Amino acid sequence: MQLIEGVYEGAGRRFALVASRFNEFITSRLVEGAGDCLRRHGVADGDIAVVWVPGAFEIPLAARRIAEQGGFDAVVCLGAVIEGATDHHEYVAGNAAAGIARESVAADVPMTFGIITAASIEQAIERAGTKQGNLGWNAALSALEMTSVLRRIDQLAEQAEGREEA
């Protein structure tokens with residue numbers, strides 16, 4: 001039995017952070033957390049790009065474009081959708097989540113979900129670096145792990161092809 005697990009080593013890998021300007025006072029903390037995570041795991045500052053978009057709804061398109069251009073091992077999607085007086089937040093958050101998942105599969109590039117969905121500003125602040133940690137850090141850590149897992153799956157497939165040819 002072969003076990004494939006990811007490792008949190010980012011040296012030599014490139015990451016894009018796509019961040020929503022809407023609720024930027026929260027999202028900027030997520031960007032800081034994601035960047036800190038990547039740097040602490042060996043990613044050079046020059047290998048981290050930050051792309052700002054208007055809101056969470058626009059994140060999937062920018063993430064897909066980044067993936068299509070190549071050169072990045074993963075895209076970390078960051079934002080904050082806070083409940084208001086209407087159901088608008090549900091549509092934005094749901095479509096952002098579905099869009100990121102769809103674009104990640106279509107582009108064959110890991111795109112991680114670091115979008116806070118909260119009932120209040122206080123809850124969002126807690127998830128952006130206080131009581132509940134930093135969702136940006138968590139999303140970056142997932143990106144590190146997924147790049148590693150996919151590389152190991154590719155290596156396993158190459159090994160299998162080598163055995164078939166022999």
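Everything numeric in this text was worked out from a predicted model, so none of it was measured. Here, residue 1 is the first one in the sequence, and each next residue gets the next number.
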Does atom CG (Asp108) have a neighbourhood of more than 12 heavy atoms from anything else shown, all under 6.0 Å? no
Partner residues of Ala96 under the side chain to side chain contact (heavy atoms under 4.5 Å, CB included) criterion, sequence neighbours left out: Ala56, Ile115
Nearest 0.5 angstrom please: Arg29 CZ to Ile125 CD1, how far? 5.5 Å
If you measure from the Lys or Arg side-chain nitrogens to the Asp or Glu carboxylate oxygens, is any gap between Glu24 and Arg21 under 4.0 Å? yes
Sorted by chain and number, sequence neighbours left out, side-chain hydrogen bond (donor to acceptor under 3.5 Å, both in side chains) with Arg151 holds for Asp73
Can you sort out the partners of Leu141 under side chain to side chain contact (heavy atoms under 4.5 Å, CB included), two or more places apart, ordered by chain and number? Tyr8, Cys37, His41, Trp137, Leu144
Among all residues two or more places apart in sequence or in another chain, which pass the side-chain hydrogen bond (donor to acceptor under 3.5 Å, both in side chains) test with Gln123? none
Sequence neighbours left out, what passes side chain to side chain contact (heavy atoms under 4.5 Å, CB included) with Arg102? Give chain and number order. none
Would you find more than 12 non-hydrogen atoms of other residues, nucleotides or ligands less than 6.0 Å from Ile153 atom CD1? yes
Side chains of Arg64 and Gln69 in contact at under 4.5 Å (non-hydrogen atoms): no
Just verifying a value: how many Å separate Glu126 CD and Ile116 CD1, rounded to the nearest 0.5 Å? 10.5 Å
For Phe72, the side chain to side chain contact (heavy atoms under 4.5 Å, CB included) test, sequence neighbours excluded, returns Arg14, Ala16, Ala49, Ile66
